[in-house]
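Each remark here refers to the structure printed beneath this line.
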Amino acid sequence: MNKRLVIIDGNSLMNRAFYALPDLMNKEGLHTNAIYGFTTMLFKIIDNYNPTHISVAFDLKAPTFRHKQYEDYKAGRKKMPDELRMQVEPLKELLDAFNIHRLEIEGFEADDIIGTVSQFAEKEGFEVFIVTGDKDAIQLASNNTKVLITKKGLSELEEYDYDEVLKKYELTPFQLIDLKGLMGDKSDNIPGVPGIGEKTGIKLLKEFNSIENLVQNIDKLKGSVKKKIEENIDLALMSKRLATIVRNIPVEINIDALKLEDCDEERIIKLFNKFGFNSLIGRISSNKNKENKIVNGKYISFKEIDRLIEEIKNKKYMILKTVSKEGELLDENIIYLFITLDGENIYYIKEKESILKLKEVLESTDIKKYGYKLKEDYISFRSYNIILKNMNFDIAIAEYLIDATSSSYSHDNIAAKYLGKKVVSKEELLGKGKNAKKYEDLDEYVLIDYFSNILNIIVNVKDKMEDKIREYNMEKLFYDVEIPLIEVLGYMEFEGFKVDIEKLEELKEEYTLLIANLEKDIYSLAGEEFNINSPKQLGVILFEKLNLPIIKKTKTGYSTNAEVLEKLKNEHPIIEKISEYRQIVKLKTTYVDGLLNIINRKSGRIHSSFNQTITTTGRISSTEPNLQNIPVRLEIGRNLRKVFISDEKHVLLDADYSQIELRVLAHICKDEDLIDAFLREEDIHTSTAAKVFDVDVKDVTSEMRNAAKAVNFGIIYGISDFGLSKNLNIPVKKAKEYIDNYFNKYPKVREYMDNVVDNAKKNGYVTTILNRRRYIPEINSKNFVIKNLGKRLAMNTPIQGSAADIIKIAMVNVFNKLNEKKLRSKLILQVHDELIIEAHESEVDIVKDILKTEMEKALQMSVPLKVDLSLGKSWYEAK
DNA sequence: CCACCGTGCAA
DNA sequence: TATTGCACGGTGG
């Protein structure tokens, strides 16, 4: 096999990464962007170049021979920033864990080490790849040595070999040294010959080959060039010496030491955990531990199930995981059911009759269920008429409470974090994208290994997670709110929301027609046809062809968003048409077509997926489709709500919290005036307006109320004068005045905001009323913009998150009440501060009472919670 | 084919 | 240079 050596210039690549990536920080305040960039680059290089040998060269602090020759060498170069310096040692530690050799030689720069080793390796028959961000290294390119220079930050590598250099510079790699001798180099403070630049330098070298030869033949030169060279011969020769990378450092080179070895996987995972690089854990690949199997699964036949059931009843708990086919939600899709009690002996069954035999224990409220993504299991069992009861521990949800800012709660990430083990991830098992496989395509033994691992992980991380949950005072949040909520969300998803398909089809036709007409109008106003949906093409039409004033730019071109169009509407009649077009297209593509696509044809209902581990604040999110952003503000969009209807003999009951976030704020900060306003049931925006504008409540105009409303929003989001000014379209100074007025009138709010920011700085996190926690590393960033973002997150998260806590409590209590009373009415949707129940006609009064009572008493606070109720056959009517 | 961008909908 | 989300079509690697 070919021997391939990769040598990386460690300092150079770290530098590139540091400046190319945004500031990242782990929980201990260690900046990590350079390490992160370096590591992703390292993975990429190993993947793409498949080296047999690899090494990273670093500069040491000591002065090099160049400094001794020329004391101003690299003078004026700015010092390495602390945020970068602190990353050097951790990176070296990481390289050690990778078992990647480091080359460091006192008195020599990384360049020289690379030059020497690459020359040696080349002679030994290696194919050599040098990775660096420093173009000086191009002088090392040859037929067997490729120099790879980072481009565009870090995303690309530009390859130079001998021919490539010749093509690009019209000089050989060696002549690049002479060129630098003539031109000098500002960044290294190499003087060169004053007055000679790239153009002249290349011309001279093409004629004379080298500086030495040029000096010999100086008579052949004339004019000012001759004079400049003559006066600076020594300078040129010294500059060349400084620019020359040494290729013969007198050291012994043991190339075998550079062999790419197996990495120390556990140590890498520990370091990745420390750095917060969860996403990179999956990319570690090592030859040892290739065997990912932790435990084996055992098939259990129908006959043996009784024994398993007895054991489960004895232990009063079980760990389980269903594996389901994709397909209709309402069909019986389970292909495997895995069960364990100890994490070592893993049982699985495949037959429906076996599953049904387990119904008794699955539905038993006596037997605790531990799992991973239990909502999926709940839904899978529903099709078999099995209601999974007493779900008690879900490791994904536990991890979400432990760290809500994590990007993934996959079993493999959890295993890496808690057990230091790397197991096959879902993506590794199934692949991704169009060619992704399905569980049912895989061999049974592969699936058994995979799911046995998951069950083993559940058992082994549960106690550790419980300890954390206790330590963080989240037991109530976890066991009384999040865990019971799993069933509620599974239920809402399984039941779905009925839709009027015919009505949706009608809207589709109506919109299609409207869009066609608007298209025609727009083309004729523009004088040509183009793709109106393309911001790029639209930009050309508006700002180049029609010469309308450019209001705002995006990073890729002109901005054409609604805000910009609003400002342009009096400039040209095409603008209004485009706004209207955008509006209808949005409604048609996202809502009409989107919803039609996703209706379950069997139930005639929409089964949105409700996710409990997505948001950083504790809210629930909704996908496929997102039922939490159905239009309401404008009548034309609001019409869509007419397609969301109740079943026969049912009506929709819609209950929403009034001003829940401002009430939460009043409760948390204990501002007497704010609390009073709610106790007196005042219109909160009006009473804020009266305070901010210092007028009597009865003199508050609608403009004043609107401004106050924006201020209230601003307070919740973490206020900035700039943001408020943009929102209200007023000068920043004016906005600042409003904010100052607000804080003067509600001093406790200011106090609270200051406190929460201080706490976030001190602890690294903020909490909600139920001790939900969010880490905010941004707040200690040295970057002004990010730091300010951190402050706003610190101010907003406790408010948004506490409101999320409250409605989650309400959901669980409402759901339990409906069950207790054996009602036929169904909780089918939550939209952050709103619950929707599809209520049976005969139950309307009792359900109204349940909704209002349970929502309002969800949490006792120093202000009352208020719920508004309405009812109708469609969501449109019930709002 | 995929990732990203610009856009726009909700609380 | 206001918080949290999701989904669409276009674009370019």
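Letters A, B, ... mirror the listed sequences (proteins, then strands); counts begin at 1.
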Starting at atom [atom1] of [X], determine the distance to atom [atom2] of [N], rounded to an integer number of angstrom.
| X | N | atom1 | atom2 | answer |
| --- | --- | --- | --- | --- |
| A:Y511 | B:dC9 | OH | P | 12 Å |
| A:I799 | B:dA11 | CD1 | C1' | 14 Å |
| A:I636 | B:dG8 | CD1 | P | 15 Å |
| A:K555 | C:dG12 | NZ | C1' | 15 Å |
| A:L789 | C:dT1 | CG | C1' | 10 Å |
| A:D593 | C:dC6 | CG | P | 21 Å |
| A:E519 | C:dG9 | CD | C1' | 14 Å |
| A:I606 | C:dA7 | CD1 | P | 12 Å |

Any side-chain N or O of [X] under 4.0 Å from OP1/OP2 of [N]?
| X | N | answer |
| --- | --- | --- |
| A:K536 | C:dG12 | yes |
| A:N533 | C:dG10 | yes |
| A:R619 | C:dT3 | no |
| A:T556 | B:dC5 | no |
| A:R582 | B:dG8 | yes |
| A:T590 | B:dC9 | no |
| A:K432 | B:dA3 | yes |
| A:S622 | B:dA10 | no |
| A:N531 | C:dG10 | yes |
| A:R633 | B:dA11 | yes |

For [X], which contact category applies under a 4.0 Å heavy-atom criterion: base, sugar-phosphate, or nothing?
| X | result |
| --- | --- |
| A:T616 | sugar-phosphate |
| A:R638 | nothing |
| A:A735 | nothing |

For this session: Using distance alone, with no hydrogens and no angle criterion, decide if A:S608 and A:S622 have a side-chain donor and acceptor under 3.5 Å apart.
Result: yes
For this session: Say whether A:D654 and A:S870, considering side chains only, have a donor N or O and an acceptor N or O under 3.5 Å apart.
Result: no
Pair [X] + [Y], salt bridge at N-O below 4.0 Å:
| X | Y | value |
| --- | --- | --- |
| A:D683 | A:R705 | yes |
| A:K642 | A:E877 | no |
| A:K375 | A:E493 | yes |

Problem set entry | Set of side chain to side chain contact (heavy atoms under 4.5 Å, CB included) partners for A:S720, sequence neighbours left out | A:F722
What nucleotide among [options] has an atom nearest to a side-chain atom of [X]?
| X | options | result |
| --- | --- | --- |
| A:T617 | C:dA2, C:dG5, C:dT4 | C:dT4 |
| A:S534 | C:dT11, B:dA3, B:dA10 | C:dT11 |
| A:Q537 | C:dA2, C:dT11, C:dC6 | C:dT11 |
| A:H832 | B:dA11, C:dT1, B:dA10 | B:dA11 |
| A:P535 | B:dG6, B:dC9, C:dT3 | B:dG6 |
| A:K586 | B:dG8, C:dG9, B:dC5 | B:dG8 |

Exercise. Would you say A:V643 and A:Y591 make side-chain contact, with heavy atoms under 4.5 Å?
Worked result: no
Exercise. Are A:Y717 and the base of C:dT3 stacked, counting only ring centres nearer than 5.5 Å and planes tilted under 30°?
Worked result: yes
Exercise. A:A689 and A:M704: which non-hydrogen atoms are nearest, and at how many Å?
Worked result: CB-O, 3.6 Å
Exercise. Got a donor-acceptor pair under 3.5 Å from the side chain of A:N626 to the base of C:dC6?
Worked result: no
For this session: Give a yes or no on whether a donor-acceptor pair under 3.5 Å exists between the nucleobase atoms of C:dT3, that is its base, and the side chain of A:Q800.
Result: yes
Let me have the donor-acceptor pairs involving side chains of residues 534-544 of chain A, under 3.5 Å, with sequence neighbours excluded, atom names and distances please.
residue, atom, partner, partner atom, Å
A:S534, OG, A:K536, N, 3.3
A:S534, OG, A:Q537, N, 3.0
A:Q537, OE1, A:N531, N, 2.9
A:E544, OE2, A:Y558, OH, 2.7

Problem set entry | NZ or CZ of A:R605 within 45° of A:F497 ring axis and under 6.0 Å | no
Exercise. By a strict heavy-atom criterion of less than 4.0 Å, which residues belonging to residues 557-568 of chain A are in contact with DNA chain B?
Worked result: A:S559, A:T560, A:N561, A:A562
Problem set entry | P-based separation of B:dC5 from C:dT1 [nearest Å] | 15 Å
